[in-house]
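Numbers for residues simply follow the sequence, beginning at 1.
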Amino acid sequence: YRHIGPLLEAVLHTDVKEFQNSGNYVKNSLTPLLDIHLHSNRDGELAANGSITYVYIFSAIALFILLIACVNFMNLSTARSANRAREVGIRKVLGSLRKNLISQFLIESLIFGFIALVLALLGTFLLLHWFNQLSGKQLDLGLIFQPKMLIAIISLILVVGLLAGSYPAFFLSAFQPIEVLKGKLAKGFKTSWLRNSLVVFQFAVSITLIISTIIIYNQLIFIRSKDLGFNRNKILIVEHTDFLGSRAESFKVDIQNISGIENVTMTGFLPVSGYRNSDAFFMSPALDQKSALSSQAWLVDDKYLSTFNIQLVQGRNFRKELATDSNAVLLNESAAKYLGGKDILNKKLYRIDDMATRRLKVYNVIGVVKNFNYSSLRDQVASVTIGYGTETGSIAIRLKGANESGVINQIKSKWDSYLPGQPFSYSFMDDNFNKMYFTEQQTGRIFITFAIIAILVACLGLFGLATYAAEQRKKEIGIRKVLGASTANITEMLSREFVKLVSIAALVAFPIAWFAMHKWLQDFAYRVNINWLVFLAAALIALFIALITVSFQAIKAAIANPVKALRSE
């Protein structure tokens with residue numbers, strides 16, 4: 001307030017309190033240097049920032065995939081408990097205490113965890129390059145062997161090993177020797193509500209990831225296909241043309257004559273990325289803050305609209321031959337609507353030209369252009385006031401024909417003749433546009449990778465459970481076949497329970513996925529609607545994958561010789 005207060009009094013004849021009472025606000029804040037990369041969403045940072053939200057999201061997904069693996073271990077351990085029941089019974093008869101049995105099973109789980117660690121380190125070594133490409137990072141194996149990382153990895157193995165082994169350990173150690181040795185332990189596959197609940201959990205996570213992936217890609221497709229109000233295709237941006245100084249205009253005229261170039265405009269104010277400048281415009285010379293328009297203030301030439309195919313809604317474009325156009329402005333629809341809508345043409349706008357003397361510059365509104373998304377689709381199109389003049393930050397060139405490389409070489413030759421030894425830097429506007437949504441594209445790729453991993457891990461567990469279910473019902477299957485049941489009947493019988501579990505998982509996943517994606521889409525001012533077909537498609541994909549997984553084992557059991565099953569004892 002010490003600096004802003006005197007400025008408000010000198011320019012707007014008001015103080016901070018009155019300024020705030022009018023509905024405005026002044027806010028200053030500091031950001032710790034170490035928080036900028038992941039926690040800052042402000043414009044004008046030195047480089048593109050990361051997002052702590054995505055760190056949390058991907059950490060949560062990785063944790064859920066790890067939990068799915070733990071669930072598989074618990075499921076398969078308890079499912080095959082009958083195979084170790086006699087071992088537990090005999091050990092208890094011979095004097096083993098329950099705590100000794102618990103320790104044994106937990107140690108077995110920890111051993112599996114450390115074996116998994118060795119395989120994970122090998123997998124990291126083999127896949128690190130691919131992961132760096134996927135994530136856009138440059139990680140190396142040296143990070144793993146830092147003391148803090150080693151402690152974290154070992155702690156993770158201990159936690160996961162104890163978590164995955166805890167339920168099987170307490171479950172198996174609780175068997176009563178007399179019931180085990182009498183063969184009364186096995187209750188069949190269908191009686192384990194906990195095991196079924198864990199299967200539901202696995203597929204709920206997988207379906208949530210599938211839905212999220214589909215919606216993210218739908219949003220990316222929407223971004224690429226949305227009418228932005230300008231045409232970014234075949235636009236070449238020659239950067240740093242301010243190095244040309246007073247010769248910038250001559251350079252622009254020279255390249256305009258190159259065959260293969262349709263149009264050229266010179267300005268640093270580009271609709272995708274570039275220099276930005278905000279200022280205040282007033283409807284009266286009294287500088288009444290109630291009629292003030294906070295707007296982007298751009299400076300362009302007469303070829304700007306035609307180069308980017310930006311449409312005029314009212315009025316006319318700038319004309320080079322009219323000297324009075326040096327005080328002319330074009331407004332976008334947002335600015336025009338704020339200042340009066342259809343009756344805005346030929347109205348005067350006032351802008352402070354010299355803060356010290358409070359000298360004003362008067363502008364005449366000569367036209368209104370259609371709104372164009374000059375920023376990310378995360379933001380609504382705000383007011384833009386476009387003035388006529390010279391701004392040499394960069395040159396935008398609309399190309400025609402297919403010989404783009406030949407045209408670029410000719411432009412480079414012209415550049416070298418003007419600035420020998422100065423690097424020629426250029427980019428395509430389409431690429432710059434895609435860079436604005438690099439995080440979303442990267443997120444989509446990572447989500448689909450996580451979804452595949454989650455489904456694969458879940459299916460491995462499902463395959464194990466299907467194998468166990470077929471083994472437990474081997475005699476029943478044999479009797480049914482002897483009585484005339486077909487392979488299709490047996491397959492349908494064994495698959496029915498798993499189909500029910502995946503269907504329940506879908507119902508659990510739908511509200512979770514909707515809420516998560518609804519929150520994510522709120523970051524975009526322009527976004528897709530969440531279609532119910534996405535949920536149906538995700539459920540069908542998960543159901544199809546589960547059926548393939550289960551049916552393989554079910555068909556194998558159904559075509560087995562029933563005689564072997566019935567004579568096994």
Side-chain angles (χ1 to χ4, degrees), residues 226-239 241 248-249 251-253 255-258 260-279 281 293 295-339 341-342 344-347 349 351 363-375 377 380-400 427-430 432-433:
K226 185 182 183 300
D227 179 13
L228 301 174
F230 68 94
N231 185 358
R232 67 181 186 272
N233 297 319
K234 298 181 78 66
I235 294 285
L236 178 74
I237 307 297
V238 179
E239 300 162 353
T241 51
E249 186 65 30
F251 177 76
K252 171 190 167 185
V253 173
I255 62 175
Q256 175 73 72
N257 297 323
I258 295 175
I261 290 180
E262 182 179 332
N263 226 327
V264 179
T265 185
M266 181 166 61
T267 181
F269 296 99
L270 303 175
V272 168
S273 61
Y275 180 57
R276 294 288 181 262
N277 180 41
S278 295
D279 210 334
F281 294 84
L293 169 68
S295 171
Q296 287 285 314
W298 292 11
L299 201 62
V300 306
D301 59 22
D302 57 322
K303 299 295 184 182
Y304 190 85
L305 300 188
S306 56
T307 300
F308 293 113
N309 293 343
I310 296 175
Q311 297 178 21
L312 266 171
V313 178
Q314 297 181 62
R316 63 174 178 84
N317 191 13
F318 299 117
R319 294 177 186 169
K320 193 173 184 179
E321 63 274 12
L322 293 179
T324 55
D325 273 5
S326 60
N327 291 329
V329 291
L330 299 171
L331 303 178
N332 73 342
E333 289 175 308
S334 294
K337 181 179 180 181
Y338 182 84
L339 294 175
K342 295 181 180 180
I344 193 66
L345 290 183
N346 298 317
K347 284 193 175 181
L349 294 180
R351 179 186 185 188
Y363 295 91
N364 181 44
V365 179
I366 64 169
V368 177
V369 299
K370 182 180 177 181
N371 274 347
F372 57 94
N373 289 89
Y374 63 86
S375 186
L377 290 179
Q380 292 280 357
V381 177
S383 299
V384 181
T385 305
I386 304 173
Y388 180 59
T390 301
E391 208 292 319
T392 60
S394 60
I395 290 179
I397 304 165
R398 176 164 295 283
L399 305 177
K400 60 182 179 180
S427 62
F428 282 94
M429 181 167 278
D430 214 23
N432 294 339
F433 176 83

Exercise. Is the number of heavy atoms from other residues, nucleotides or ligands within 6.0 Å of NZ (Lys337) greater than 12?
Worked result: no

Problem set entry | Exercise: identify the closest heavy-atom pair between Phe308 and Thr265 | CE1-CG2, 3.9 Å

Problem set entry | Value rounded to 0.5 Å, distance of CG in Asn332 from OG1 in Thr385 | 7.5 Å

Exercise. Roughly how far, to the nearest 0.5 Å, is the CG atom of Leu399 from the CG atom of Leu236?
Worked result: 5.5 Å

Problem set entry | Test applied, ring pair (Phe, Tyr, Trp, His ring centres under 6.0 Å); reference residue, Tyr374; option that passes from Phe269, Phe230, Trp298 | Trp298

For this session: Report, as yes or no, whether the 6.0 Å neighbourhood of atom CD on Gln256 holds more than 12 heavy atoms from other residues, nucleotides or ligands.
Result: yes

Exercise. Are the side chains of Asp325 and Arg316 in touch, meaning some heavy atoms are under 4.5 Å apart?
Worked result: yes

Problem set entry | Audit row: Asp279, Arg351, side-chain contact (heavy atoms from CB on, under 4.5 Å) steps and yes/no | CA-CA 8 Å; Asp279 210 334; Arg351 179 186 185 188; 2.7 Å; yes

For this session: Measure the CD1-CG distance between Ile344 and Leu349 for me, rounded to the nearest 0.5 Å.
Result: 6.0 Å

Exercise. In Å and rounded to the nearest 0.5 Å, what is the CG to CG distance from Leu331 to Asn371?
Worked result: 11.0 Å

Seminar exercise, completed: When Asn233, Asn231, Leu270 are each screened for side-chain contact (heavy atoms from CB on, under 4.5 Å) with Met429, the one that passes is Leu270

Exercise. At what distance, to the nearest 0.5 angstrom, does CG of Asn263 lie from OG1 of Thr307?
Worked result: 3.5 Å

Exercise. If you measure from CG on Leu305 to CD1 on Ile386, what distance do you get to the nearest 0.5 Å?
Worked result: 6.5 Å

For this session: Anything under 30° is parallel, anything over 60° is perpendicular, the rest tilted; go ahead and classify Phe281 against Tyr363.
Result: perpendicular

For this session: Using side-chain contact (heavy atoms from CB on, under 4.5 Å) as the criterion, list what pairs up with Ser375, not counting sequence neighbours.
Result: Asp379

Problem set entry | Test log, rule side-chain contact (heavy atoms from CB on, under 4.5 Å), inputs Thr392 and Met266 | CA-CA 6 Å; Thr392 60; Met266 181 166 61; 4.1 Å; yes

Exercise. Can you check side-chain contact (heavy atoms from CB on, under 4.5 Å) on Asp301 and Thr390, steps first, answer last?
Worked result: CA-CA 7 Å; Asp301 59 22; Thr390 301; over 6 Å; no

Exercise. Any side-chain heavy atom of Glu391 within less than 4.5 Å of one from Val300?
Worked result: no

